[in-house]
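Right, one structure below, let's go through it.
Sequence lines set the chain letters: A, B, ... in the order given, protein chains first and strands last, and positions in each chain run from 1. As the structure is a prediction and not an experimental result, all values here were calculated from the model.
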Protein chains: 2
Amino acid sequence: MTERPALSKGEIEVARVLWDLKHATVREVYAAFPNSRGIDFTTVQTYLRRLEKKGYVNAKLDGRTRVYTPRVKPRTVIRETVDDLVDRLFAGETFPLMQHLIEDRNVSQEDLDALKILLEQLTEARHESE
Amino acid sequence: MTERPALSKGEIEVARVLWDLKHATVREVYAAFPNSRGIDFTTVQTYLRRLEKKGYVNAKLDGRTRVYTPRVKPRTVIRETVDDLVDRLFAGETFPLMQHLIEDRNVSQEDLDALKILLEQLTEARHESE
DNA sequence: TTGACTGAATTACAAATGTAATTAGACTTT
DNA sequence: AAAGTCTAATTACATTTGTAATTCAGTCAA
């Protein structure tokens, strides 16, 4: 089963950076944060260690420095995280979330158009595989 | 400012029940949980107390029993919670989340159609107000 | 070789969270 | 009125999370 403990907010932030970098040391992850974030080097270090313990990243020693690489794909984490949110906030229903996103946020016209295209494609794909 | 502390997962669960009931005692909220949830009466009690402290619900004494009522609307909590998720997981971009919802989940054809209509409506509304 | 310096590992710690045990107050029944 | 019983309030506590201080191990300049 998927029994990985869920990620905390801070852990997700760090995981995202690591997905971008593909593999990186603590220092590199730390450097990738904008200064405005005001996060401490050792805090990043802690998050990476916890990500490793939770099974989300691998670490191998290069000299005396640990190099981290993602172990779980973004898509998987996204799915699990969004699942959880949808369960808690919408009793498992996806539609209300989409409705909220479309109606209560400022979606640009470009995004709206892109969405329409997505929907069309999906509808067509379904008809084909019938 | 919106400076209410964010809700935890458990707190959201309880808040949702209270939104449904409009106003309720601890016992009523507790009763509204399915048995399968396996949550303790006193746990619900704790969550309600914390929701009150955080400013999400009001409580008034009826005899010696506390009756809770929502103080913050679902829509507001949803907005804040989803904002937070989108920030953490998608760097604030709404589109990737919608894309995920549409592509990586099993959206029914009815939902797809409903979405298209939503999109159309929004597009029209925009053209009018130009 | 000995401090000073650099960078990484280890340890720390308060606050938040999930979960519930314990205590206390009011109502009932002998 | 004492004992038992409900129900609600108070207190407790381990775990997780956010955040970082502290320690330790090489390296370099004096």
I'd like to know if [X] reaches the base of [N] with its side chain such that a donor and an acceptor end up less than 3.5 angstrom apart.
{"X": "B:Arg66", "N": "D:dT10", "result": "no"}
{"X": "A:Arg64", "N": "C:dT6", "result": "no"}
{"X": "A:Thr25", "N": "C:dA8", "result": "no"}

**Nearest-neighbour nucleotide for the A:Gln45 side chain, D:dT17, C:dA8, C:dT17 considered** =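 Looking only at side-chain atoms, A:Gln45 lies closest to C:dA8.
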**Message:** Testing the basics here: between A:Tyr68 and A:Val26, what is the closest heavy-atom pair and its distance to 0.1 Å?
**Reply:**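 For A:Tyr68 and A:Val26, the tightest heavy-atom pair comes out as CE1-CG2, 3.9 Å.
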What is the separation between atom [atom1] on [X] and atom [atom2] on [N], rounded to the nearest whole Å?
{"X": "B:Ile39", "N": "C:dG18", "atom1": "CD1", "atom2": "C1'", "answer": "9 Å"}
{"X": "A:Tyr47", "N": "C:dT10", "atom1": "OH", "atom2": "C1'", "answer": "18 Å"}
{"X": "B:Leu51", "N": "C:dT17", "atom1": "CG", "atom2": "P", "answer": "11 Å"}
{"X": "B:Lys9", "N": "D:dT17", "atom1": "NZ", "atom2": "C1'", "answer": "13 Å"}
{"X": "B:Leu48", "N": "D:dT7", "atom1": "CG", "atom2": "C1'", "answer": "15 Å"}
{"X": "A:Asp40", "N": "C:dG7", "atom1": "CG", "atom2": "C1'", "answer": "13 Å"}
{"X": "A:Lys54", "N": "D:dT16", "atom1": "NZ", "atom2": "P", "answer": "8 Å"}
{"X": "B:Arg50", "N": "D:dC13", "atom1": "CZ", "atom2": "P", "answer": "15 Å"}

**Request:** Would you classify B:Lys53 as touching base, sugar-phosphate or nothing, given that sugar-phosphate means primed atoms plus P, OP1 and OP2, and contacts are heavy atoms under 4.0 Å?
**Result:**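 No contact.
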**Request:** Tell me what B:Arg27 touches on the nucleic acid: a base, only sugar-phosphate, or nothing, going by heavy atoms under 4.0 Å.
**Result:**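 Sugar-phosphate: the residue B:Arg27, judged by heavy atoms under 4.0 Å, touches backbone atoms but no base.
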**From CA spacing to verdict: salt bridge (charged side-chain N to carboxylate O under 4.0 Å, His left out), B:Arg75, A:Asp104** = CA-CA 9 Å; B:Arg75 167 168 290 202; A:Asp104 295 2; 3.2 Å; yes
**Whether B:Thr42 side chain and B:Gln45 backbone form a donor-acceptor pair below 3.5 Å** =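 Not a single qualifying donor-acceptor pair exists.
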**Message:** Which residue in the set B:Val57, B:Leu51, B:Thr69 passes side chain to side chain contact (heavy atoms under 4.5 Å, CB included) when paired with B:Leu18?
**Reply:**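 Only match with B:Leu18 under side chain to side chain contact (heavy atoms under 4.5 Å, CB included): B:Val57.
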**Message:** Could you tell me if the side chain of A:Asn106 sits less than 4.5 Å from the side chain of B:Thr94, heavy atoms only?
**Reply:**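 The answer is no; the side chains never approach within 4.5 Å.
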**Item:** N/O (side chain, B:Thr46) to phosphate O (OP1/OP2, C:dA20) under 4.0 Å
**Value:**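 Indeed not, no polar side-chain atom of B:Thr46 lies that close.
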**Prompt:** Can you tell me if the side-chain N/O atoms of A:Arg37 get under 4.0 Å from OP1 or OP2 in D:dG18?
**Reply:**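 No, A:Arg37 has no side-chain N/O under 4.0 Å of OP1/OP2 on D:dG18.
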**Request:** Take B:Glu13 and A:Arg49, find for each the nucleotide of DNA chain C with the closest heavy atom, and name the residue whose nucleotide sits nearer the 5' end.
**Result:**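 It is A:Arg49 whose nearest nucleotide is closer to the 5' end.
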**Request:** Could you check B:Thr42 against A:Thr43 and say which one's nearest nucleotide on DNA chain D is further toward the 5' end?
**Result:**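 In this pair, the answer is B:Thr42.
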**Request:** Map A:Glu11 and B:Leu61 onto DNA chain D by nearest heavy atom, then report which one ends up closer to the 5' terminus.
**Result:**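 Nearer the 5' end of the strand: B:Leu61.
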